[in-house]
2 protein chains.
Amino acid sequence: MLTNMSRSPRRKRPGHYHHGDLKQALIAEALKVIDEQGLAAVTTRALARRLGVSHAAPGHHFADREALLAEVATEGFRLFAAALEQAAWAESEPGERFVAIGRAYLRFAADHPSYFRVMFGRGFPKGYHPPDQFRRESNRAYAVLTGVVRDLALVLGGDATPIDELAFGAWSLVHGMAMLWIDGSATYAFAGRADFEATGERVVRRSIVGLGA
Amino acid sequence: MLTNMSRSPRRKRPGHYHHGDLKQALIAEALKVIDEQGLAAVTTRALARRLGVSHAAPGHHFADREALLAEVATEGFRLFAAALEQAAWAESEPGERFVAIGRAYLRFAADHPSYFRVMFGRGFPKGYHPPDQFRRESNRAYAVLTGVVRDLALVLGGDATPIDELAFGAWSLVHGMAMLWIDGSATYAFAGRADFEATGERVVRRSIVGLGA
DNA sequence: CCTCAATCTTGTCATCGTCAAGATTACGGG
DNA sequence: CCCGTAATCTTGACGATGACAAGATTGAGG
């Protein structure tokens with residue numbers, strides 16, 4: 001057991017050094033805080049408090065607050081890409097696969113709004129260059145989407161519109177729906193999450209005709 | 001000379017009270033800071049410093065930092081709604097009007113990224129209820145969009161899809177493109193702003209077929 | 001057993017948002 | 001013209017935050 005703190009009971013608090021997996025714990029706690037109180041409430045000191053460690057402990061695992069959030073976002077993109085890939089693999093017919101990946105996009109946003117907020121809603125400083133891993137995972141997600149759009153466009157055989165342009169359109173459509181849902185700009189327009197997802201799927205389905213035009 | 005007869009030369013700095021229009025100056029300066037250093041760098045103290053007033057001066061015009069940003073966002077929505085209305089009025093043919101409003105949406109995002117970031121990119125605390133004026137201006141923008149979509153849908157005479165659903169789709173499409181451009185997720189895919197806007201217009205144009213399906 | 005690197009704590013500093021109290025100024029009624 | 005009041009701004013203070021430095025504790029390997 002990593003959490004064996006039966007030794008040295010003489011000191012103030014026995015097992016307060018070597019938390020075990022503080023780094024992952026901080027990431028997990030950050031997500032909880034975002035969910036409960038919003039992104040602005042994510043504070044290294046608050047996280048430390050909630051985990052029962054000292055206020056400077058997070059500094060040993062993340063260079064600064066930004067680095068912590070970047071790691072959360074990267075983990076989010078990893079899950080996100082995996083979800084999109086799984087949705088794409090589960091369907092073989094191009095049209096249904098396109099709908100499936102759109103559904104997965106919206107479902108992820110609705111399932112993990114906290115992740116989504118850190119992934120996209122975070123305002124980058126100015127000349128901020130995201131870490132390699134961050135770029136890699138987000139590109140993976142985009143690659144799945146592009147591939148699905150390409151396969152569908154080939155089947156539909158539309159004009160000579162570049163695949164990238166069609167993919168950008170499809171991406172924007174689902175991304176816009178997700179963002180409007182996440183930040184509450186469109187919540188009042190739906191009865192609830194189920195209504196949002198159902199409407200989103202119909203919108204995605206209707207957008208298919210544009211790919212074959 | 002030493003004998004300044006204009007007014008109380010004994011005091012430290014003569015005209016440091018009554019700035020004139022500090023409230024508007026703070027809003028304008030906030031936009032500059034967002035543009036230069038990002039949203040997180042918007043600090044009441046920094047704004048005060050840049051304007052040459054005391055660190056507590058902003059507190060007399062805005063209840064707190066959030067209120068300041070809310071006012072910036074409200075002003076942004078006012079300009080935004082006006083831009084959309086103007087674009088809609090300038091075109092009478094339903095299809096071109098639809099394209100025009102989409103173009104205006106993207107152009108506003110590209111022209112005023114700072115406004116856009118505050119309007120949408122700001123993470124609301126948790127149970128945050130936006131001020132009335134904020135809701136009013138944002139609803140005005142949405143109303144323009146809905147009206148244009150309705151007119152076009154009537155002309156195209158598609159199925160019985162609710163107008164709100166078509167409007168939501170159109171809104172999501174342009175909103176997604178704008179957000180992806182603003183936060184840099186899609187900048188690498190375009191040669192520049194002109195390329196982005198041209199591509200965006202083509203995407204919007206292609207989406208029209210979905211409204212008549 | 002003993003050293004050493006990883007991990008965490010304590011202490012400190014500059015900055016931030018916010019509040020309270022006082023100073024300055026504008027403005028309108030006498 | 002004068003004066004009082006309200007609006008505006010300054011100064012000062014407090015708690016909280018991010019970040020750093022130095023020291024304490026712990027685990028792992030030689």
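A, B, ... follow the sequence lines: proteins, then strands. Residue 1 opens every chain.
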| query | Can a side chain N or O of S54(B) be found less than 4.0 Å away from OP1 or OP2 on dC9(D)? | reply |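 Checking S54(B) against dC9(D): no side-chain N or O falls below 4.0 Å of OP1 or OP2.
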| query | Should R45(A) be listed as having a side-chain N or O under 4.0 Å from OP1 or OP2 of dT9(C)? | reply |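 The answer is no; no side-chain N or O of R45(A) sits under 4.0 Å from OP1 or OP2.
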| Of Y105(B), W171(B), F80(B), F168(B), which is the lone residue that meets ring-ring contact (aromatic ring centres under 6.0 Å, His included) with Y142(B)? |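 Among the candidates, only W171(B) passes.
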| message | Do the side chains of R202(B) and E197(B) get close enough for a salt bridge, i.e. N-O under 4.0 angstrom? | response |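 Looking at E197(B) together with R202(B), the answer is no, because their closest N to O distance does not fall below 4.0 Å.
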Using whole Å, what does the distance between atom [atom2] of nucleotide [N] and atom [atom1] of [X] come to?
X: L51(A); N: dT9(C); atom1: CG; atom2: C1'; answer: 15 Å
X: H55(A); N: dG11(C); atom1: NE2; atom2: C1'; answer: 7 Å
X: L47(A); N: dT17(D); atom1: CG; atom2: C1'; answer: 12 Å
X: K23(B); N: dT8(D); atom1: NZ; atom2: C1'; answer: 14 Å
X: D21(B); N: dT8(D); atom1: CG; atom2: P; answer: 10 Å

| message | Quick one: does any side-chain atom of R65(B) pair with a main-chain N or O of V42(B) as donor and acceptor, under 3.5 Å? | response |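 Yes: the side chain of R65(B) pairs with the backbone of V42(B).
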| Nearest-nucleotide comparison on DNA chain D, the residue closer to the 5′ end among A56(B) and R49(A) |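 Result of the comparison: A56(B).
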| Less than 4.5 Å apart, any side-chain heavy atom of R122(A) and any of R117(A)? |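 R122(A) does not reach R117(A) side chain to side chain.
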| message | Tell me whether Q86(A) at atom CD has more than 12 heavy atoms from other residues, nucleotides or ligands lying less than 6.0 Å away. | response |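 Count not over threshold, so no.
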| Ring centres of F134(B) and F77(B) under 6.0 Å apart? |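 Judged by ring-centre distance (under 6.0 Å), F134(B) and F77(B) do meet the cut-off.
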| task | Enumerate the residues from residues 57-65 of chain B whose closest heavy atom to DNA chain C is under 4.0 Å, giving them by residue number; use none for an empty result. | result |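 Contacts with DNA chain C under 4.0 Å: D64(B), R65(B).
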| said: Does anything in residues 26-43 of chain B come within less than 4.0 Å of DNA chain C? Heavy atoms only, and list the residues if so. | reply: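 T43(B), in order of number.
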| message | For a quick check under 3.5 Å, do S92(B) and R97(B) share a side-chain donor-acceptor pair by atom type? | response |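 No, no side-chain donor-acceptor contact under 3.5 Å.
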Tabulate below the donor-acceptor pairs under 3.5 Å that side-chain atoms of residues 21-35 of chain A make, not counting sequence neighbours, or state none.
| from | atom 1 | to | atom 2 | distance (Å) |
| --- | --- | --- | --- | --- |
| E29(A) | OE2 | R50(A) | NE | 2.9 |
| E29(A) | OE2 | R50(A) | NH2 | 3.2 |
| D35(A) | OD1 | S114(A) | OG | 3.1 |

